[in-house]
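Below: the structure, in structure tokens.
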Amino acid sequence: MSSDFISRDDAEKDLLAAATFIGERIHTADGQAESMSAVVPLYLVRGDVDLAAELANTVDDPFTRDKLLVSVAQKCVEIDDDDYALQLVEAIEDDGMRLLALERIGMAKAASGDLQLARDIAAQMTQPDFVEAAIAVAQTENGSVEDAKAVVDAVEFPSARVQAFQQIASRWIAQQKKDEGVSMLESSLESADEIEHPEEQVRAVCETGNLFITADRRDLAVQTFQKAHDFAGKIESSHKDFYLGSSALGLLQSGSNDLAEKALSEISDKTQIAGTLLAFARHLSTVGESDDALNDLEEAFEILEGQQEKETRDSRARNSIWTAIAVQFAGFGHADRGVEIAKKNIDDREAAKAIGEIAQILATTGDTEKARATALLQEEAYDQAETLLAVADTLTAKGDSSKVTEIVDEAEAITNTVPQISAKADLLIEVSKRRKGYGDTAAATKTAEDAIAAVLEIRDESRRVTSLANLSSAVTDLSTLSESARSGLIRLIGAAEA
């Protein structure tokens, strides 16, 4: 499906328009879909829903086209252009995605108080249960317990009914109407008994248990998490141990250490045991039991480290929890131990991820120099630069800007040593965006020009479009660029048109 929504004149003035102009003229379906997936969200940020919709509609790949139309419709709902949102939904070809879009719009309108439109949307759906549940929640804002139960009980689908009871309970608990909230939670448990899918049933019961804790009814929370544990024990899939772990954590948070330990002992997969102990450690730390938290964390790592290959059901899950344990050590004030554990991870990407997160924790706690040094422990230059930018973001967020410029300069210097041209372009774009955010327009523009030079070397057309679209948040007006950078872009635009 061809189009020419962006003129060459516009493309030579605006960087996002330039990216879009090139993307429109890519001849492969995959390349075009990837390009429009990059530019459409940015037009939505600008509030140009009409152009975003037109561009989404040019995509040949039906899944990507429908997905982009859903995102445009959601933006229309946010700005109260409901008619256009529903018009876009009608253009979605996939039945499932169209119904999902209707569901999201209906729930959003119910939450905003437009109950009539929500009802109209529900009437168009073959399965309107979650929209009806959202309407029920909205109707009970100032109602009684009896009225709320009557409204929600009319919802046919058990999962939607459970969700509605939980949302009402959460709202009432926040309003200090805890007895009324507890009554809603008890109804939520009754509805959960009707859920047919075992894993969905356990999730629903655990969510209700967490709300009992919020309502300061730990006695009921213990009963609820014990119920979740019993349901989890009947699961026949490989996810059984995960849900046993979830119930064990809930029991611990409810104050029943003995039942929590018993549930933990029933888990057979060592990865899940370690993951549950990690969760135990986090909870114990929040309630001031630091020594026990550290002991559980050490035990979690010992279990993972001693796990044999034949005992490992999911290597990715194991390596991910290994990362989380390393990072948690840093969170408990033991960054060196965390780095030591991170380096032992057999997955190099997970090891780099852990060290990067530890560096950010050090920045959060005020140890800027150690954060910088930790970032440089990563083996790849790309990871070092990316982590330094994250450290700069952390310092900026906490109001400590004294070293930010210096750290970003260091990140850029490392970026220039990255051999992969597309990775180098990505990092330069991020550096430029940071500098613009700091108000240093001249430096942001200079880095953007370096990024453009790198983008021009990228051979993949859609990859170039994605990079230019990303850079457009740092540089909009092409006239602010140097003659060399602007000429390079114009050549790229001309080549796309040829």
Side-chain angles (χ1 to χ4, degrees), residues 1-61 64-65 67-69 71-72 75-76 79 84 88 422 425-426 428-430 432-433 435-437 441 444-498:
M1 196 179 292
S2 61
S3 65
D4 55 354
F5 291 105
I6 304 298
S7 69
R8 176 155 183 171
D9 185 55
D10 288 338
E12 292 183 0
K13 295 176 182 176
D14 179 276
L15 190 54
L16 179 56
T20 308
F21 183 93
I22 297 167
E24 283 184 302
R25 288 155 179 81
I26 291 176
H27 299 300
T28 65
D30 288 346
Q32 184 210 32
E34 184 178 346
S35 298
M36 292 304 107
S37 294
V39 302
V40 166
L42 296 175
Y43 281 110
L44 293 179
V45 171
R46 292 185 178 186
D48 195 341
V49 294
D50 290 324
L51 181 54
E54 295 286 10
L55 292 170
N57 204 39
T58 66
V59 177
D60 289 328
D61 175 61
T64 303
R65 172 186 173 275
K67 183 178 177 182
L68 290 174
L69 286 174
S71 67
V72 180
K75 179 66 175 181
C76 290
I79 61 176
Y84 193 27
L88 290 170
S422 60
D426 287 343
L428 287 171
I429 290 167
E430 293 305 317
S432 180
K433 288 160 68 175
R435 286 183 167 148
K436 182 180 181 182
T441 304
T445 301
K446 175 61 178 67
T447 304
E449 291 167 356
D450 293 339
I452 289 169
V455 170
L456 293 175
E457 294 183 43
I458 298 173
R459 294 186 178 182
D460 183 84
E461 290 179 306
S462 58
R463 188 70 178 78
R464 283 200 296 259
V465 170
T466 300
S467 296
L468 291 175
N470 190 17
L471 183 58
S472 68
S473 61
V475 176
T476 302
D477 188 353
L478 268 61
S479 67
T480 62
L481 299 172
S482 67
E483 183 61 31
S484 174
R486 189 168 180 274
S487 296
L489 284 171
I490 289 174
R491 286 196 302 274
L492 202 60
I493 291 167
E497 194 174 36

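Residues take their numbers from the sequence shown, with the count starting at 1.
- Summarising the geometry of A451 relative to L428, their closest heavy-atom pair is CB-CB, 3.7 Å, with the distance given to 0.1 Å.
- Residues L15 and L489 form a side-chain contact, since some pair of their non-hydrogen atoms from C-beta on lies under 4.5 Å apart.
- Residues S473 and K436 approach most closely at O-NZ, 3.4 Å, considering heavy atoms.
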Exercise. Do L16 and Y43 pass the side chain to side chain contact (heavy atoms under 4.5 Å, CB included) test, and can you show the C-alpha distance, the side-chain angles, and the key distance before you say yes or no?
Worked result: CA-CA 8 Å; L16 179 56; Y43 281 110; 3.7 Å; yes

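- Partners of S484 under the side-chain hydrogen bond (donor to acceptor under 3.5 Å, both in side chains) rule, at least two apart in sequence or in another chain, do not exist in this structure.
- With a 4.5 Å cut-off on side-chain heavy atoms, L55 and N57 do not count as touching.
- In terms of heavy-atom proximity, I452 sits nearest to A485 at CG2-O, 4.1 Å.
- Under a 3.5 Å cut-off, the side chain of T447 and the backbone N or O of A444 do not form any donor-acceptor pair.
- Between L468 and L492 there is a side-chain heavy-atom pair separated by less than 4.5 Å.
- Evaluation of the salt bridge (Lys or Arg N to Asp or Glu O under 4.0 Å) rule for K67 yields no partner, not counting sequence neighbours.
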For this session: Would you please test F5 and T20 for side chain to side chain contact (heavy atoms under 4.5 Å, CB included) and show each step?
Result: CA-CA 9 Å; F5 291 105; T20 308; over 6 Å; no

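- Residues A53 and L88 come closest through the heavy atom pair CB-CD2, 3.8 Å.
- At least one side-chain heavy atom of M36 sits less than 4.5 Å from a side-chain heavy atom of L68.
- Under the 3.5 Å distance criterion, with hydrogens and angles disregarded, a donor-acceptor pair is assigned to the side chains of S479 and D477.
- Between K13 and D9, some side-chain heavy-atom pair lies under the 4.5 Å cut-off.
- Counting only residues at least two apart or on different chains, no salt bridge (Lys or Arg N to Asp or Glu O under 4.0 Å) pair has a member in residues 479-490.
- Atom CG in L481 sits 10.0 Å away from atom CD1 in I490 (nearest 0.5 Å).
- When all heavy atoms of L44 and S71 are compared, the closest pair comes out as CD1-O, 3.8 Å.
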Problem set entry | V72/E54 under side chain to side chain contact (heavy atoms under 4.5 Å, CB included): CA gap, chis, key distance, verdict | CA-CA 10 Å; V72 180; E54 295 286 10; over 6 Å; no

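- A donor-acceptor contact shorter than 3.5 Å links the side chain of Q32 to the backbone of T58.
- In this structure, S432 contributes its side chain and I429 its backbone to no donor-acceptor pair below 3.5 Å.
- Sequence neighbours left out, the pairs with a member in residues 445-455 that pass salt bridge (Lys or Arg N to Asp or Glu O under 4.0 Å) are K446-D450.
- The two residues L478 and A11 come nearest to each other via the heavy atoms CD2-O, 3.7 Å.
- Proximity of I22 to S35: side-chain heavy atoms (C-beta onward) are nowhere separated by under 4.5 Å.
- Judged as a salt bridge (Lys or Arg N to Asp or Glu O under 4.0 Å), the pairs with a partner in residues 27-47 (not counting sequence neighbours) are, in order, D14-R46.
- For residues 463-472, the salt bridge (Lys or Arg N to Asp or Glu O under 4.0 Å) pairs, not counting sequence neighbours, are D426-R463.
- Ionic pairing of R65 and D61 is not present here: no N-O contact between side-chain nitrogen and carboxylate oxygen is shorter than 4.0 angstrom.
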